[in-house]
Structures are given as C-alpha cells and as structure tokens.
Amino acid sequence: MAIKQELLDQLEARRNEALTSGCGEDKIAARHAKGLMTARERIYNLVDKGSFQEAGMHVNHDVRGFGFEGKNLPGDGVVTGIGLIDGRPVTVLSQDFMVSGGSLGSKHAKKMAEAMAQARTLGTPVISINDSGGARIQEGVKSLAGYGQVFRNNVLSSGVVPQIALIAGPCAGGAAYSPALMDFCIQLRNNSNMFICGPEVIKAATGENAQPEQFATAAAHASVSGNIHFVAEDDKHAIEIIQKLLSFLPSNNQEKPPHRLSSELRLEPDEGMNDVVPEDGKTPLNVYKVIERLVDAGEWLEVQKDFAKNMVVGFARIDGIVVGIVANQPAVKAGCIDIDASDKAAQFILFCDSFNIPIVTLMDVPGFMPGLAQERGGIIRHGAKVLYAYATCTVPLVTVIMRKAYGGAYIAMGSKDLGGDVVFAWPSAEIAVMGAEGAAKIIYKREIADAQDPQAKFKELVEDYRDKFSNPYLAADSGFVTDVISPAETRYKVALSLRSLMTKRVITSPKKHGLSPL
Ligand code: HXC
C-alpha cells in the first residue's frame, strides 16, 4: 500500500503554484530584468542553503467581492518561515510583490504577526523584507487592523530579539511604520521608495512639487531623514549587509553577542596610533584612522554612515569581543554634537545595551552644537537622549578621551560619572568646562580690559588656563579618569578592559520602563 499518486501530484501542483507566486515565467523574467529577486529568491539567498522551512504556503486571501472569488493569491502575498544563517535560526518575512502587489490583507498580516510572536518565543532575530503596495484596498479596515497587529508585534519584540527591515520595493503610507519600529533598516538604492505621503498627496496638500529623490529613496533616507541605516546596491548586497550585521548580534536579549575570544591576548603597543594625533591641536583628528587601528581586521560595520557624519557609530570586534563603537568625528563640524548626531548615537547606544553589546566610546568633542536652529530645534531634548542612553546602560562602558572633552558634551560621551566603567585619557586630552580662549575671555574679562596690552594679556592668560586645565592630569588627579595612556597603548588596554568587564552585573531598581526624552 502506498499513498495515492493523485494526492502527491496535487501537493506538487499546489506547491509549484505557490513557489512561482501564481505567475508565469514572463513575470518572473520581467522582475529579474529589473535587477530584482523574487520574494523567495531573497530568502533562499539569505539563509544557509536548503535550510528554509516555510510556514503558511497554502494560505490564501480573504477578499469578498471585487471579482476576487476564485482568484488565487498564493501565501496571501507574503512568505514567512524560519531558516538558518551561519547555522543560527532566524525568522524571515518576505512580501511577494508578484501576488497582488504584495498588498497586505488580513491573512497576510496574521502570518507576519504569528511569525513575529513565534520569534519572541524562540528567541530568533526577525528579518522583514518589505515590497508592498500597502494596505489591500479591497479588504478595507481588515487590512488596516492587520497593520495594527504587525506594529504591535514590532513593539513587543523591541529589545527582545533584533529586528532588521529591508525596504526592497514600495513601502508607502502607514506601512513605513513597521520598518521604523524595527532596529535597523536597509534600503535598495534603486527600485524602492519609502514615504508616508507620496508626491501627488504632497502636491495636493501643500502645493509642493516634491520628487521621490528628495524624500523617498535610499539616498534621501540615508543622508537627510536618517530613517535608514544602510544603502544596498541591490538584493545581493542587501543580503550581505544583513548577514554581516547578524554576525555581530546575539539572537535575543538573553544571549551574549557572538564574541570570538582568542586564547592569547595581543598585548603589544601599536606605535602607529601615536601618529594619528596631529601635532597641531587645531588640525582635526580623523576618527576613522583611530577605529581602523583599534578594531580587529575586517571586523567593522559602520551604521548610518551617511547621516550625521560628525558622530560615527558601528559594530566591531576588539580582540574578538563584539563592541559597539560610538565616536565623535572632529573632521566634520569639529565633532560637535548636534540634533541628528544625538539621535543617531542615542538609538545605537540603546540598541547595544538591549542586546548586551559593550560600548567603546572615542571622545573628541568641543561641545553641543551652538546655533539658533539647534536651540529652536530642541538640542536640549535631543542631546538629553545621549545622556539618558549612556546613563541607562548596564553593559560595559569603556571610554577613551583623545583630545577635546568640553562641558556637557564631555559628560554626555560616556564619562565616568554617567556610568563609564573605565575611562582612559591620552596625554593630548583637554578636559575642561570649555576651550581655553573662551574660558579666559569670561573669567579674566576685567584683567584683560585693564591691561596695558590687552591682546598680550589675553594670550598670557589663555596659556595659563591651558596649563592648568587643558590636560588630563587634573581630571586624573580627581579620579575622573582611570588612567592616562599613550595612543599606542590604546588597543591592548581597551581589549584588556573589555575582558575584565565581561562579568559586569548591574542590579537596577524595579520600574515599568524609563522615560527617555523623545
Ligand atoms: C490592492 C494593490 C495595491 C493595494 C498594488 N496592488 N497596490 N492591490 N491594494 N494597496 C495591485 C495592483 O492592483 C496590481 O494588481 C498589482 O498590485 C501590481 O500593481 P501595479 O500598479 O500594476 O504595479 P506598479 O505599476 O509597479 O505600481 C506599484 C505601486 C502601485 C506603486 C505600489 O500599485 C500603487 O501606487 N499602489 C497603491 C499604493 C497605495 O496607495 N497603498 C496604500 C498606502 S496606505 P494586478 O492584479 O493587476 O496584478 C497604507 C495604509 C497603511 O498602506 C495604514 C497602516 C495603519
């Protein structure tokens, strides 16, 4: 006795129909011609070969009327399931544009919500590939409710499992709020748009002639709005970014990140780091050169590279330990912290803390950005996010003060009093309330005015102030600095600190949740 062949044939036919999204070869070829993978090809290329287990392949739509009776929407326009990436399970959701434009109907939403709920139970990261015309118009409020379920699951998963969104086609209207609620967004450079209101709606509402390149494309979101974290040249590149990103992340908040500890620490100094510091204090230091020498070869993934370039954030390994790096970039806007830099740093720090990733801060900051636009734009509220994020951290915090460490910005960037576990300062560090010139003008105002040669007196008093305060030793004397080290010693001293902080435990007071400034 064996199962009836007819039943097997039927299963095979149903599978084939779903696997080709109910489309002919011509539609798939047209997609390929545009340089796009299909929803399933994206998954199969993302996960380890043959490891994807699909759930809900035989689900179909729930549309009443509109000529949909007998219409076939395989999987209801979304492919969900679990696969392995580098042997670790991940939950994947991939909207299928070839099935009614990937529009989100009630069953489509239910599949997404259930997959996300399961990801929380299993402790698996969620990868959500967005390629959809949005709420399925024919399902009306049922599809809007579906979005509600998706958003709610994004929020419930926040801080529990890492959530990564890929914008790989249209992502319009309220649909954009799902990626926005996730931890990292990657967008394809071409063939994708993300917006709340499209050009026609903007034109009708405000009269503005807005072009997608100004507000909806990957380039616009990466550099202007800050809504995305990575730009991918195509699907293949997007997949590589996701894989690299996951290589730094734990699967959930109960796990440690995938450290690759070497059995022997490299304890030798790196003399080249001394050359990274320009002799002239006015020449800006390029923080990328510091990062390059600090991290293990090939173990660096910059996040939001094109947004708020005065603040650099990214994942790295230092002697095998996964870290998040938060660094001022003095080569851009003198490294001042402005509104965008505050948002960028705060979000990254909170992510690292949620997922047990130690933070290494590289400080060279003259202050928060001065200016009317910054004040009116709420630099107080935005800058406070950085203070909040650092102060709430329970992960190890190692800070290196390279040069300027002035005022509130010094305190904000992982200082000892905000919770820094180890704070190193280079001999070139200037830890003070403000720069010597500004300080001398204020505190010696009368002496300068009364002097026979005010200019010479000013110079003398600036030097005097600099001698007293613009060095790391006063701060070290009072215990605000753990140790003064040469740049050459930085890599191995940071690595040693990270090793010794791995057992850090913090017991916090019970509370429902804190209230970070928004
Ligand atoms: C139902 C949709 C659809 C939708 C596309 N389709 N969007 N069906 N509901 N929202 C279907 C089309 O009817 C077509 O079906 C197929 O998908 C492909 O669409 P085309 O228009 O032929 O493709 P293309 O020219 O590439 O244009 C893609 C598009 C366009 C730019 C996405 O379809 C479009 O503008 N769609 C509407 C976008 C939108 O306004 N959505 C609502 C956003 S508001 P056939 O059967 O011919 O293949 C929203 C609210 C969320 O989502 C609220 C959350 C709280």
Side-chain angles (χ1 to χ4, degrees), residues 17-18 20-39 59-79 93-113 116 128-156 165-182 187-188 190-205 210-213 215-218 227 235:
E17 179 75 359
T20 53
S21 307
C23 297
E25 284 300 321
D26 51 334
K27 260 197 162 179
I28 297 175
R31 204 169 159 82
H32 288 165
K34 272 185 161 179
L36 292 169
M37 293 183 188
T38 66
V59 169
N60 221 297
H61 70 87
D62 206 17
V63 183
R64 308 278 152 80
F66 299 98
F68 266 62
E69 295 78 13
K71 210 170 179 179
N72 184 25
L73 302 190
D76 204 27
V78 65
V79 184
L93 325 167
S94 183
Q95 291 182 312
D96 191 345
F97 191 81
M98 295 197 307
V99 177
S100 201
S103 57
L104 183 141
S106 54
K107 289 189 177 172
H108 177 129
K110 189 164 176 266
K111 279 176 74 175
M112 290 177 78
M116 285 193 270
S128 176
I129 303 174
N130 296 258
D131 189 356
S132 164
R136 186 171 299 147
I137 296 161
Q138 298 87 341
E139 286 201 41
V141 69
K142 284 205 288 183
S143 67
L144 298 182
Y147 271 113
Q149 290 161 27
V150 172
F151 300 157
R152 183 158 186 267
N153 274 280
N154 284 138
V155 174
L156 293 174
L166 169 59
I167 318 301
C171 185
Y177 285 117
S178 175
L181 287 166
M182 299 180 81
Q187 187 175 355
L188 298 189
N190 302 307
N191 297 308
S192 83
N193 278 317
M194 178 165 66
F195 51 76
I196 298 298
C197 299
E200 295 83 12
V201 178
I202 293 177
K203 175 80 185 161
Q211 299 306 311
E213 302 76 51
F215 68 98
T217 58
N227 284 331
D235 282 316

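Start at 1 and go down the list; that is how both ligands and their atoms are numbered.
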> Which atoms of ligand 1 sit under 4.0 Å from any heavy atom of Pro170?
Replying inline: 32 (C)
> Under 3.5 Å, is there a donor-acceptor pair between the side chain of Lys107 and the main chain of Asn60?
Replying inline: yes
>> Given 3.5 Å as the limit, does a donor-acceptor pair link the side chain of Gln187 with the main chain of Ala216, or not?
In response: yes
>> Which residues pass the side-chain hydrogen bond (donor to acceptor under 3.5 Å, both in side chains) test with Ser106, not counting sequence neighbours?
In response: Glu139
>> Is there a polar contact, in the sense of an N or O pair closer than 3.5 Å, between Phe151 and ligand 1?
In response: no
>> If you scan the protein for heavy atoms around atom 26 (O) of ligand 1, do you find one that is closer than 4.0 Å?
In response: yes
> Counting only heavy atoms on the protein side, is anything nearer than 4.0 Å to atom 8 (N) of ligand 1?
Replying inline: yes
> What atoms of ligand 1 come within less than 4.0 Å of a heavy atom belonging to Tyr147?
Replying inline: 51 (C), 54 (C), 55 (C)
> Tell me, which protein residue and heavy-atom name are nearest atom 40 (O) of ligand 1, and how many Å apart are they?
Replying inline: Gly133 O, 4.5 Å
>> Looking at atom 11 (C) of ligand 1, tell me if a protein heavy atom falls under 4.0 Å from it.
In response: yes
>> Looking only at protein heavy atoms, which one is nearest to atom 19 (O) of ligand 1, and what is the separation?
In response: Phe97 CZ, 4.3 Å
> Which of the atoms in ligand 1, numbered in the order shown and given with their element, are less than 4.0 Å from a heavy-atom of Leu144?
Replying inline: 53 (C)
>> Is the contact between Ser100 and ligand 1 made by the side chain, the backbone, both, or neither, using heavy atoms and a 4.0 Å cut-off?
In response: both
> Do you see a protein non-hydrogen atom under 4.0 Å from atom 54 (C) of ligand 1?
Replying inline: yes
>> Check whether Asn191 reaches the backbone of Lys34 with its side chain - one donor and one acceptor, N or O, closer than 3.5 Å.
In response: yes
> side-chain contact (heavy atoms from CB on, under 4.5 Å) with Pro179: which of Asn130, Leu166, Asn154?
Replying inline: Asn130
>> Keeping His32 on the side-chain end and Met37 on the backbone end, is there a donor-acceptor pair under 3.5 Å?
In response: no
> Between the main-chain N or O of Ala175 and the side-chain N or O of Ser178, is there a donor-acceptor pair closer than 3.5 Å?
Replying inline: no
> Which option out of Arg136, Lys71, Lys27, Met98 puts a heavy atom nearest to atom 48 (O) of ligand 1?
Replying inline: Lys27
>> Less than 4.0 Å is my threshold; does some heavy atom of Tyr177 fall inside it relative to ligand 1?
In response: no
> Among all protein non-hydrogen atoms, which one is nearest to atom 1 (C) of ligand 1, and what is the separation to 0.1 Å?
Replying inline: Gln138 OE1, 3.2 Å
>> Can you report which non-hydrogen protein atom sits closest to atom 3 (C) of ligand 1, along with the distance?
In response: Ser103 CB, 3.9 Å
> Should the proximity of Ala135 to ligand 1, defined as any heavy atom under 4.0 Å, be assigned to the side chain, the backbone, both, or neither?
Replying inline: both
>> If you scan the protein for heavy atoms around atom 22 (O) of ligand 1, do you find one that is closer than 4.0 Å?
In response: no
> Just to confirm, does any protein heavy atom lie below 4.0 Å from atom 42 (C) of ligand 1?
Replying inline: yes
>> Using only atom types and a distance under 3.5 Å, with no angle test, would you say the side chain of Ser132 pairs donor to acceptor with the backbone of Gly102?
In response: yes
>> Could you report the tightest heavy-atom contact between Gly174 and Phe151, atom names first, then the distance?
In response: O-CZ, 3.2 Å
> How about atom 31 (C) of ligand 1: does it have a protein heavy atom within less than 4.0 Å?
Replying inline: no
> Closest non-hydrogen protein atom to atom 16 (C) of ligand 1, residue and atom name please, with distance?
Replying inline: Gly101 N, 3.6 Å
>> Out of the candidates Lys111, Lys142, Arg136, only one should pair with Asp62 under the salt bridge (charged side-chain N to carboxylate O under 4.0 Å, His left out) rule; please name it.
In response: Lys142
> So, are Arg31 and Asp235 salt-bridged, with charged N and O less than 4.0 Å apart?
Replying inline: no
>> Give me the atom names and distance for the closest heavy-atom approach of Leu188 to Ser192.
In response: O-OG, 2.8 Å
> Starting from atom 44 (S) of ligand 1, which protein heavy atom do you reach first, and at what distance in Å?
Replying inline: Gly173 CA, 4.2 Å
> Looking just at side-chain N and O atoms, do Gln138 and His61 make a donor-acceptor pair shorter than 3.5 Å?
Replying inline: no
